[in-house]
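Presented below is the structure to which this report refers.
Below, chains carry the letters A, B, ... as their sequence lines are ordered, and counting in each starts from 1. Quantities reported herein were computed from a predicted structural model and do not represent experimental measurements.
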Amino acid sequence: MNEMEEKFGQIYFTILGAVALAFGAAELIASAGGGFTWGILDSSGATDPLFLPWRAIILLSVGFFYLSSVKDFAEVHQLAKAVMASIMIWIVAGMAIWTRIASSIPGEETWFNSLEGFLASYAPPYCPEMFLLPFSLVIVYYIMKEKEAEK
Amino acid sequence: MRSGKLPLKAVAVTIMALVLMALSTASFTITVDAHMPGAKAPPAFELSPIVIADDGTEIEITIEDVGNYHNERMKEFKRDMLKKQNKTEEEIDKIIEKEFAGSTGICPCSSFAFRAALLGISELWGDEIPERADIKFITRRPTPGATQCLQYITGTGPGVPDVKSKGELQMILPDGTEVTDLSVKNLKKYMVDMNLSNWNIVIIRKSTGDEFEVQVKEGVIPEGFFELRKKVKVEKTATPEEIEEFRTQWEAVRDAFLTQPDWELFEGVEEPEEEEPDVVGGAIFFSILVIGLGLLLVLSLRVRVKVR
């Protein structure tokens, strides 16, 4: 990892960590107040209200891990923190995506959903982890860089 | 002692007595307005309960609770009526058992009042749970079914269980007459001529003074219902065909209040717009998901090939 890449990683994961922290704080407030839906962002916990506070704790941890990893980002232990934060996002977002996939196939009163119903089940709003998911994939680039450096 | 042949006079008197008894039993059956002998059971329906707080204790009132209360009150009224006719307890029990067999107490009036109260409370309190003492109803419908339903909700009726605080129930008929004695006996005086304006209840949130009027829409009550009701219930001049027709209409009105949505039953209630499913948004996300998973698959395969 060159200096330029390290600098970019530091700035990028600082922003991502701050966003994750903000989302976590919002979810924590939402879980205390019964949840909210704002545009395409869903913190209502409608599908699983008991998981909402856990999601908030996970997001806050993600934010802390990203932010604590930015100092001396090229160092492998620091990078591991960012990797761990990304994995946490992947697990929660993966669960949310899997829930959508599983519920999109059966219809309400039939074995299989209609095409319209199938596509509509992927419509917004989405949980914060699903918004963070594509941005967290940047860590894969750094993992590969680290692997190359090892060779 | 003579045996075998009965005197003709005695036979005639016995037959006459039996006919009179049968007629009197039939007339008792008709006088209990809340019930429609021979009416079919209502269809399957789903009505949410009315949730109120009574001195801080949350209470759920279902239409079945209201029906049972109405049934019990009508049985009591019938019992008193029969006692005045010098019937024995055994005879009274038999008549009541026969007349109320299969009756749920869920009639057009009790179901109308229940739906009106449910709608009014949700309009005035929204998601809040109203305190019983904060609820006031002004009813224009002087029937036992509607009155006893509202008495049950406000806790103002005799024998309503677990009442700590009371709401308010006022009966003001469409012509402005205020009825203060809400006993079944007294209500019967006002049930002679009724029309659509009697299918009206005003719900009031006493603490704020806000009120909501529930008026049944024209068309919910079938044409000729009021005339038939008068013939069957009041004048008792209806032919068996007319009684049968009234029974069918009675069932239709009751079933409408149990199964139809508010905007089809009441004036001024707008049908909520059905949200169109966001197919485009879903399709965009699904495409991104498929492309993302495809890229992930390609990437992992390339890594494997490189490793080999």
Should the heavy atoms of other residues, nucleotides or ligands under 6.0 Å from [atom1] of [X] be counted, would the total exceed 12?
| X | atom1 | value |
| --- | --- | --- |
| A:F135 | CZ | no |
| A:F64 | CZ | no |
| A:N2 | CG | yes |
| B:W263 | CH2 | yes |

Of all the residues in residues 286-293 of chain B, which have a heavy atom that comes within less than 4.5 Å of a heavy atom in chain A?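 Near chain A, by residue number: B:F286, B:L289.
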With a 4.5 angstrom heavy-atom cut-off, could you sort out which part of A:I97 is near chain B: side chain, backbone, both or neither?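 Side chain only.
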Measuring heavy-atom distances to chain B, does A:I101 have an atom under 4.5 Å in its side chain, in its backbone, in both, or in neither?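 Side chain only.
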Identify, with sequence neighbours excluded, every residue that meets salt bridge (charged side-chain N to carboxylate O under 4.0 Å, His left out) alongside B:R141.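 With sequence neighbours excluded, B:R141 shows a salt bridge (charged side-chain N to carboxylate O under 4.0 Å, His left out) to no residue whatsoever.
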For A:Y122 versus B:F285, what's the shortest heavy-atom pair and its separation?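 So the minimum-distance heavy-atom pair works out to O-CB, 3.4 Å.
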If you compare all heavy atoms of B:D278 against all heavy atoms of A:P124, which two are closest, and at what distance to 0.1 Å?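 Nearest heavy atoms, B:D278 then A:P124: OD2-CD, 3.5 Å.
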